[in-house]
There are 2 protein chains.
Amino acid sequence: MDDFLAYVCHQVWKLNSCRKVSYTKGRDFFHQGETCSDVFIMTEGLVKLTYVTHDGKEWIKSFIMDKGVFGSRASQSLGQPSTFSATCLEECRALTLPYKTFEAMCVDDPKLAGMTFQFFQWLGLKKELREHDFLCLSAEEQYWKFMDENAVLAGRITQIDMARYLGITPIALSRIKTRQAKIEAKSA
Amino acid sequence: MDDFLAYVCHQVWKLNSCRKVSYTKGRDFFHQGETCSDVFIMTEGLVKLTYVTHDGKEWIKSFIMDKGVFGSRASQSLGQPSTFSATCLEECRALTLPYKTFEAMCVDDPKLAGMTFQFFQWLGLKKELREHDFLCLSAEEQYWKFMDENAVLAGRITQIDMARYLGITPIALSRIKTRQAKIEAKSA
DNA sequence: CTCATCCATAAACCTAGGTTAATGCCAGAC
DNA sequence: GTCTGGCATTAACCTAGGTTTATGGATGAG
């Protein structure tokens with residue numbers, strides 16, 4: 001994964017069709033409902049990918065922290081509008097290029113193609129894991145798993161966003177925390 | 001997706017390292033906790049992929065109906081034990097071959113490699129959609145969506161398995177159905 | 001045919017999480 | 001400094017879903 005990022009960055013950087021962008025906190029890379037087939041290679045910052053439901057509620061699909069690659073696959077592969085938005089939670093820097101250009105690069109560069117394939121495999125495994133967690137874990141178990149595996153990220157987001165990622169309300173998350181704090185106080 | 005299946009079947013069928021298997025209802029293709037790096041190309045039948053949690057509860061990751069490809073990616077890519085089981089809900093026929101063999105085939109056959117890449121993309125999109133549904137939809141909404149998109153499948157599985165797929169208990173599913181039936185009776 | 005098993009439904013009760021509203025805290029704007 | 005807006009917490013109340021148990025129907029074995 002880190003290899004992929006380093007290599008992609010290096011190769012894309014050489015292109016003249018690649019743009020370097022810098023967005024402030026609160027800005028959107030792209031917006032749910034818009035078609036955006038660009039690939040974003042983030043080098044610095046923190047982004048959330050969010051769905052907004054018909055009744056106006058926001059849920060968080062994932063976070064991308066520091067370095068990472070993201071984009072709307074629905075737009076890239078099918079030309080459809082994005083089903084989610086990408087919003088900066090901190091000042092962000094990224095390289096961006098059209099997906100078609102990236103595809104063309106892969107045709108010319110088998111190493112890049114192979115690594116991209118690996119990247120999609122990795123992404124697939126991550127999504128499979130999240131599916132597992134939604135299916136098999138309680139909200140409380142999901143919270144502990146999240147804290148375990150994302151200690152740094154947890155310190156950089158609000159409780160609202162953490163709850164929206166776990167699929168619960170911020171109030172429920174607060175309850176889980178105090179419940180746990182009481183248990184810890186008892187055992188101490 | 002259908003193209004992929006037809007092509008894979010055709011190409012794999014020519015191999016002598018490919019086995020043709022036929023399993024009866026109730027049997028497992030592979031078992032959670034075992035390492036199984038085989039690729040299964042089902043030609044007929046119905047399979048469920050299931051997680052069993054530490055407290056003995058079963059949850060269904062997905063169904064494969066009629067024709068489809070499945071296997072444990074954790075075993076294939078990482079050599080780790082499978083996190084789920086694959087169980088026949090009906091008599092099943094499939095071709096099976098080691099993942100390494102399949103990989104080798106892809107190296108020799110760029111068309112197969114390309115289609116496999118597309119297949120993984122398609123799989124990724126499906127998982128992303130399921131993530132979206134778990135995040136954004138209520139149990140009831142998920143049920144309606146499932147019935148809409150999987151009318152045939154719905155008729156071939158028990159309510160227990162449908163509930164285990166939606167992430168609720170069979171009792172809750174029964175309640176959703178009666179609730180809806182009452183509303184329909186009223187409006188009729 | 002009978003018996004056993006599995007499945008669907010229903011009722012009664014319990015619990016986790018959603019909803020609304022109030023409070024206190026902190027940080028940035030001015 | 002004050003004012004403001006966003007965040008975290010708490011409480012009170014409500015609802016969806018889980019748990020347990022019972023019942024009736026369908027199915028398959030003998």
Side-chain angles (χ1 to χ4, degrees), chain A residues 24-27 46 48 50-60 63 87-91 133-147 153-185, chain B residues 24-27 46 48 50 52-60 87-91 133-147 153-185:
Chain A
T24 55
K25 186 173 163 174
R27 272 212 48 184
L46 180 58
K48 63 173 173 181
T50 62
Y51 297 112
V52 174
T53 63
H54 52 92
D55 55 342
K57 277 169 192 157
E58 180 190 297
W59 297 106
I60 299 182
F63 297 100
T87 309
C88 300
L89 294 178
E90 296 175 3
E91 172 109 24
D133 294 348
F134 275 128
L135 261 179
C136 303
L137 304 183
S138 67
E140 191 157 343
E141 289 170 316
Q142 275 199 71
Y143 167 69
W144 284 111
K145 190 173 174 189
F146 184 82
M147 294 301 282
L153 175 58
R156 282 163 70 174
I157 59 178
T158 65
Q159 222 147 113
I160 297 177
D161 281 341
M162 197 188 298
R164 265 50 180 116
Y165 177 79
L166 298 177
I168 57 178
T169 58
I171 291 128
L173 179 52
S174 178
R175 276 194 284 237
I176 288 171
K177 283 171 66 181
T178 54
R179 206 185 304 160
Q180 205 58 32
K182 273 175 199 162
I183 293 171
E184 274 169 20
Chain B
T24 56
K25 186 173 164 175
R27 272 212 49 184
L46 180 57
K48 64 174 173 181
T50 62
V52 175
T53 63
H54 53 91
D55 54 344
K57 276 170 193 155
E58 179 191 296
W59 298 106
I60 299 182
T87 308
C88 300
L89 294 179
E90 298 175 2
E91 172 108 25
D133 293 349
F134 275 127
L135 262 178
C136 301
L137 303 184
S138 67
E140 192 156 342
E141 289 170 316
Q142 275 198 71
Y143 167 69
W144 284 111
K145 191 172 174 190
F146 183 82
M147 293 301 282
L153 175 57
R156 282 164 70 176
I157 59 178
T158 65
Q159 220 148 114
I160 297 177
D161 281 342
M162 197 189 298
R164 265 52 180 114
Y165 178 78
L166 298 177
I168 58 178
T169 59
I171 291 129
L173 180 51
S174 177
R175 275 194 284 237
I176 288 172
K177 283 172 66 181
T178 55
R179 207 185 304 159
Q180 205 59 31
K182 273 177 200 160
I183 293 171
E184 274 169 20

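Keep in mind it's a predicted model, so treat the numbers as computed, not measured. All chains are named by letter (A, B, ...) in the order of the sequence lines, taking the proteins before the strands, and each is independently numbered beginning at 1.
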Q: How close do Ile60(A) and Leu135(B) get, heavy atom to heavy atom, and via which atoms?
A: O-CD1, 3.3 Å
Q: Counting heavy atoms from C-beta on, name the nucleotide in dG17(C), dA8(C), dC7(D) closest to the side chain of Ile160(B).
A: dA8(C)
Q: Starting at atom CD1 of Ile171(A), determine the distance to atom P of dT23(C), rounded to an integer number of angstrom.
A: 16 Å
Q: Among Lys25(A), Lys48(A), Arg156(A), Arg27(A), whose salt bridge (Lys or Arg N to Asp or Glu O under 4.0 Å) with Glu90(A) holds?
A: Arg156(A)
Q: Would you check if Arg164(B) and Thr169(B) make a side-chain contact, meaning some heavy-atom pair closer than 4.5 Å?
A: yes
Q: Of the nucleotides dA8(C), dG18(C), dT19(D), which one has an atom closest to the side chain of Thr169(B)?
A: dT19(D)
Q: Using side-chain heavy atoms (C-beta onward) and a distance below 4.5 Å, is Trp144(A) in contact with Gln180(A)?
A: yes
Q: Nearest whole angstrom, please: distance from the P of dT10(D) to the CG of Leu173(A).
A: 12 Å
Q: When you measure from the side-chain N and O atoms of Gln159(B) to the phosphate of dC6(C), is any distance below 4.0 Å, counting only OP1 and OP2?
A: no
Q: What is the distance, rounded to the nearest whole Å, between atom NZ of Lys25(A) and atom P of dG6(D)?
A: 12 Å
Q: Figure out the OH/C1' separation between Tyr143(B) and dG17(D), and round it to whole Å.
A: 16 Å
Q: Just to confirm, is there a sub-4.0 Å distance from OP1 or OP2 of dG17(D) to any side-chain nitrogen or oxygen of Arg179(B)?
A: yes
Q: Determine the contact category for Ser138(B): base if any of its heavy atoms lies under 4.0 Å from a base atom, sugar-phosphate if only primed atoms, P, OP1 or OP2 are that close, otherwise nothing.
A: nothing
Q: Reckon Arg175(B) has a side-chain N or O less than 4.0 Å from the OP1 or OP2 of dT19(D)?
A: no
Q: Side chain of Thr178(A), heavy atoms from C-beta onward: which of dT10(D), dG17(D), dT9(C) has the nearest atom to it?
A: dT10(D)
Q: Nearest to the Ser174(B) side chain among dG17(C), dT9(C), dT10(D), which nucleotide is it?
A: dT9(C)
Q: Count the heavy atoms of every other residue, nucleotide or ligand shown that sit under 6.0 Å from NZ of Lys145(B), and state whether that count exceeds 12.
A: yes
Q: May I ask you to evaluate whether Lys57(A) reaches the phosphate of dT19(C), defined as a side-chain N or O under 4.0 Å from OP1 or OP2?
A: yes
Q: Rounded to the Å, how far apart are Lys177(B) NZ and dA8(C) C1'?
A: 8 Å
Q: In whole angstroms, how far is the P atom of dA16(C) from the CD atom of Glu141(A)?
A: 12 Å
Q: Tell me: CE of Met162(A) to P of dT9(D), nearest whole Å?
A: 10 Å
Q: What is the distance, rounded to the nearest whole Å, between atom CG of Leu166(B) and atom C1' of dA16(D)?
A: 15 Å
